[in-house]
Amino acid sequence: MTVTQLLDRFISVDLLRSLEIFCPELILSATVVLLLLCRMIGVDRRIPACWIALAGSLAAFLGVVVQLRFMQSPGLELPSDFFGWAIGGAVRGLAALFHLTEEGVGTPGPYFTGLMMHDALAVMFRLGLLLLLVLTLSLTVLTGLPDQEDGADFYTLLLGAVVGMLMATGVNHLLMLFLSIEMMSVPSYAMVGYLKGRRQSSEAALKFVVYGAGSAGVMLYGLSLLAGLFGTANFHEFAARFTVAMAGEPFSLTSGVVILTLLGVAMLFVGIAFKLSLVPFHFWCPDAFEGASAEVAGFLSIASKAAVFGALLRFATAFTGDGESIRQLTSYLGVGLAVVGAASMTLGNLAAYTQSNLKRMLAYSTIAHAGYMVLAVAAMMVFRSAAPGGLLGSRDPLQESVLAVEGLIYYLAVYLFMNLMAFAAVAFIRNETYREDIDACRGLITGNFWTQLVCVALLLSFASLIGIPPLGGFFAKFLIFRSIFVAGYLHPVLWGVLAIAGLNTVISLFYYFRVMRAVFILPRAENQRPLEMPGVVAAYSVIIALPIFLLGASPLQARLSETARAISASLFY
Amino acid sequence: MSPHLAELSLAERLSEVGWLGQSGALLAAALIHALLVGLFFGLPAFVFIWAERKISGRIQDRLGPTRTGGRFGWLQSLADGVKLVSKEDLVPAAADSMLFRVAPYIVVVASFAAFIVIPFSDGWIAQALDVGLFLGLAILSLEVLGIILAGYSSGSKWSLFGGMREAAQMVSYEVPLGLTAVIPVVAAGSLNLNEIANMQRGWAGHWLVFHDPFTFIAFFVFFTVTLASNKRAPFDLAEAESELVGGFHTEYSGMRWSFFFLAEYASMFFVSMLAVLLFLGGWWTGLPGLDEAVIAAVGGYPARVLGMVVLLAKSSILVCVQIWIRWTLPRLRIDQVMTTCLKYLVPISCFLFLGATIWPLVLLAVLGRPSVLPLGDEPIGARVVPAQAGLSAPAAGRNMATRVSRSTQEAEGSR
Amino acid sequence: METVIFTIYALAACGGAIAVMVSQNVVRMAFWLVISLGSVAGLFFLLHADFLGATQLLIYVGGTVVLLIFGVMLTASGPMLTIRSGPGEVVLGGLVGLAVLGMLVFGMLSVDWESQQTRMYSAAAEEGRGERSMGYNPEGEGNTARRLGAALLGVRFDRDLGRNSETLSTGYLLPFEIVSVHLLVVLVGASYLARTKRRRPNPLEESLES
Amino acid sequence: MSDVGLTPYLIVAAVLFVCGIVCMATKRNAIGVLMGVELVLNGANLNLIAFSRYGQLGFDGQAIAMFVIVLAAAEAAVALAIVLNFYNNHLTVDVDQARQLNS
């Protein structure tokens, strides 16, 4: 093959398709440039930066919607009923607008010469992330976080971080893993320090950046060990290469390959655990969230978690395969993850109990929820390590891992709405009372009608965070607990983890209840007037709180859960 | 021995001598190169300090410097050297003594090491790298470290101000420096200085400065930026003697002080050589007839010595221009220095860079060939090593330098 | 000869790193860091990664460290320069460090790298990728700029040329392009943070401050 | 010409990494911590390039190391801006003095 042929081939086979799949990221990047250009030529006096950012992220969101549509029904067939036909027609129009085609977006598989992976999972995660971006943008517009002058800076950072997150959901290469984690971290350091005149904010940013840079360094070292040991940086070659490297030796902790692999994975996990705020690497989280504004904290708590879980799923599945030694490794990693998860939820819930600052309390609750979610990945790893026809009996390990990942996806979907609602409520309360501690919420229910609506939305979100039955949070937790229970047949340690998780759910009840008590039962302090929130704030709260219901006890629940299962299956088949 | 040195034509040539043997030839080649690099580093200081005195004396009508020190005052530099060596080496009490002592060495080592990437003539290069230009700029950028450390460690506020100014200035000017240095690279398609210089063989119209309008402007921007990165007037804020006493070297005396000066003149010479190699045809005279006549008359190898003389002459002219500018223009203020860089030089060099990348495409579309001047038989775009040669068959197409030198040798051998 | 050069660079790199760790003065730390990073650049040259060595010198030593020293000068005033760490921390950190180092070195020594490489090579050959060379092609040593450039373009001439395979080898077009967006965003963020205080105060912030 | 082989490079990289880790753990000056991070990143880069020369990683190691250098520079820039911002607000760069947020 000659140089020209190779170039032609690269452009025609790979590049054009990759660019199609990459369209949401491209749109966001273009929006960033547009934002800065507009400020340079002074257009931002007439068109505020937030509208440009919102338009860009909506466009990217629509692009992903079309991609998802292609994934679900190849060829974009039009359904017979009128609404389906209208929606299908609109999607077709959008597809033509974005130049998305069946050959490009519709076919799953690696793109950009194997650096990234395109499948339903990636598309779904990106859809969620872009939805969150749109919601966060609207929230900042409502609460007026960036002023006219600095709007372009803030939205540039926000969109830049989201580009990194979108990429993290589809990583298939160690470099892309590191790159996407850096791309989401570095702008978020700056976002945490966004209120730069405020002492707390700069302190939070300093802690975040110092710990973040350190964990990124450790992660990179682990990455270099793995890449060197396996002689490749592509995820899908890892399992095979590990088997080759072991060369038939038994799996033992004295073998150099095993030591280096475990060290490498552990170091790489340091970086991932840092972003997920899992237990030994969680200490930045309360400080950073307390110092940052509530909008930024809410965005980071959801978005960086979701994106990194996407990356973690892919990284974890790279270490699963056939062969005795790789099975051993997988089960070690799975049990290790489960222990980390149990530790995080315990510490998070216990520490949250003593907090008086709302954001700090929510930060600890975030740590606990990350613990629940990582259990799903742990269960998935344990299932993947099962030898065929082993202890699981009649259950199919692969099917069970699909269910475990389904639990994670469902949890993340619910978590998006319930956690965003909680942080949005903090922002609304701050705007009214200029305070962010639990006492500030006392007697919130005595406010005007709109304030009461916000209170109800907050109640829904907290109830779902606890996992009270009819709401989405319950089903999400149930799915994960079920997977952990089944995985316990393979590793009895997981039953212990399950017991801890159950206990934690009870503990969490108390601190969420403290806030609820302040909001609904305690009277307003003497010298404080009842709050009067604007109606648009209440409308926003209702829009976010509604899906918490829909994902719970609603006719849609079964369909949503099925969608999540189909999506999680795309990771394995 | 480092693998690169073994490929050098000089070593190959020496091994033909016979009684030297293979390793002896390598050693001899290494010695000769070390000597060359050392000379190129050390001599400019003496020559150009003398030149600076003479030129400034003429420019400002000051007769003193033109009358002292032997015939034409050539002994003056030597007398300076003797004086500096015999002076006491003081370390102030407030200084951080270790850093204070080390800082001049960093500066000297940086500007000395930069010369290893310079081809003095076709193939005469201490370290034949295909990233020569990039490495040269990288090493040159280390000089600032020594100056900052000197400024900081002196324990004097004048020095600290000087160091800070230097840091701010260098860090900002590195951007346009890099961008303008890349423009001839874009035109030539190589980072190898030897290759770039050899591509400018032939008529002076082949010199990259005349390659397109963007390289033409880029040359002047490059020259301006190198003035700043060498902290030469009008950008000599780091040592502005009328405001900061002596800037970063206020507290230095004797040998250590002279090291800073040695380094300054050496890097003046270095950037001038870089400019000549990148834009002004390197060791080619610009008259193909003359080049060929010389090669035919004295043979390929001695012709390189003459090539080196050509390179030296061109660079010396540029150094004289630097001196001329120093004694003509007033010093800028620090804010003016930063504005010049960030508001003017950076956008200009970005624009030039974009232009230089688009130019060949425009020419191809309009004229159907990648060069305006129909000079010579091969336009510069065609002279770039085909990508395939460098990539798929590395042994065959190692780099142009060795190939050119080999072909010259073969020609000699056949004769 | 290579061993001698390697020893010099390796000792300088490790010595510099240890001095950074031990030193208590920030500016001296920066100096030792320069020594260490510069020697690492030397090791890169020894490993025939010329472009990387030059990049290391230009970006790390000439850029990042200068930036760090700049930061030291802007923030350091007298006592801040030598903030000492407590002895307990030092002992604990040292012990943990030694443990990690011991584990890493033990792992590295107990892997037989040569046989690993042979096994990987034969495995790659079985998968039909036998053209993949052992290690970085020593024939083209040092000639890295063009290879790297082509890889950043997204096409791996060094691997895919002369091979009729359906799949293309990993090219780095995407990171190369997207890193520019990242740098732009980061630049905006850094300049926002380092800019002087805004002109009109934000009432929200003031109230939160009190 | 003698060849050094892979292991010595890996050990140098491990020493750099560990020095960086200890530096991050023990330094109280924020800029000192950042210097530790630089050391860690350099250890990783040296690993990558050593594997690229002697291991099966091939040219990918150099490409990855290239991006790492760029990303590290970007990170250092933001970190430094944050340190400056912190200094403006607190008049210190001591990380242990950053304890307003502990409750």
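Scope of the values below: all heavy atoms of this structure, side chains included, with no hydrogens, waters or symmetry mates. Throughout, protein chains are lettered first and strands after them, A, B, ... in sequence-line order, and every chain is numbered starting at 1.
With rounding to the nearest 0.5 Å, the separation of CG in D/Leu41 from OH in A/Tyr221 is 12.5 Å. Atom OH of A/Tyr194 sits about 12.5 Å away from atom CG of D/Asn85, to the nearest 0.5 Å.
Residue A/Leu174 does not touch chain D at all, counting heavy-atom pairs closer than 4.5 Å. Residue D/Ala14 touches chain A through both its backbone and its side chain, counting heavy-atom pairs closer than 4.5 Å. Looking at D/Leu46, neither its backbone nor its side chain comes within 4.5 Å of chain A, counting heavy atoms on both sides. Of the atoms belonging to A/Val218, heavy atoms from both backbone and side chain fall under 4.5 Å from chain D.
For A/Asp14, there are no salt bridge (Lys or Arg N to Asp or Glu O under 4.0 Å) partners two or more places apart in sequence or in a different chain. Annotation: side chain to side chain donor-acceptor pair (under 3.5 Å) contacts of D/Glu75 (sequence neighbours excluded): none. Not counting sequence neighbours, the partners of A/Asp437 by the side chain to side chain contact (heavy atoms under 4.5 Å, CB included) test are A/Arg435, A/Asp439, A/Ala440.
D/Asn89 and A/Ser202 get closest at one heavy-atom pair: ND2-OG, 3.1 Å. Minimum heavy-atom separation, A/Ser224 to D/Ala44: CB-O, 3.6 Å. Minimum heavy-atom separation, A/Ala227 to D/Leu48: CB-CD2, 4.4 Å.
Options A/Ser201, A/Ala213, A/Ala205 differ in how many heavy-atom pairs under 4.5 Å they form with chain D, and the most are formed by A/Ala213. Note on A/Gly214, A/Gly212, A/Ala190, A/Gly193: by heavy-atom pairs under 4.5 Å with chain D, the leading option is A/Gly214.
Proximity of A/Met267 to D/Phe17: side-chain heavy atoms (C-beta onward) are separated by under 4.5 Å at one or more points. Proximity of A/His173 to D/Ile64: side-chain heavy atoms (C-beta onward) are separated by under 4.5 Å at one or more points. Using a 4.5 Å cut-off on side-chain heavy atoms (C-beta onward), D/Val40 and A/Leu220 make no contact.
Along residues 181-189 of chain A, the residues that come nearer than 4.5 angstrom to chain D, judged on non-hydrogen atoms, are A/Glu182, A/Val186, A/Tyr189 in order of number.
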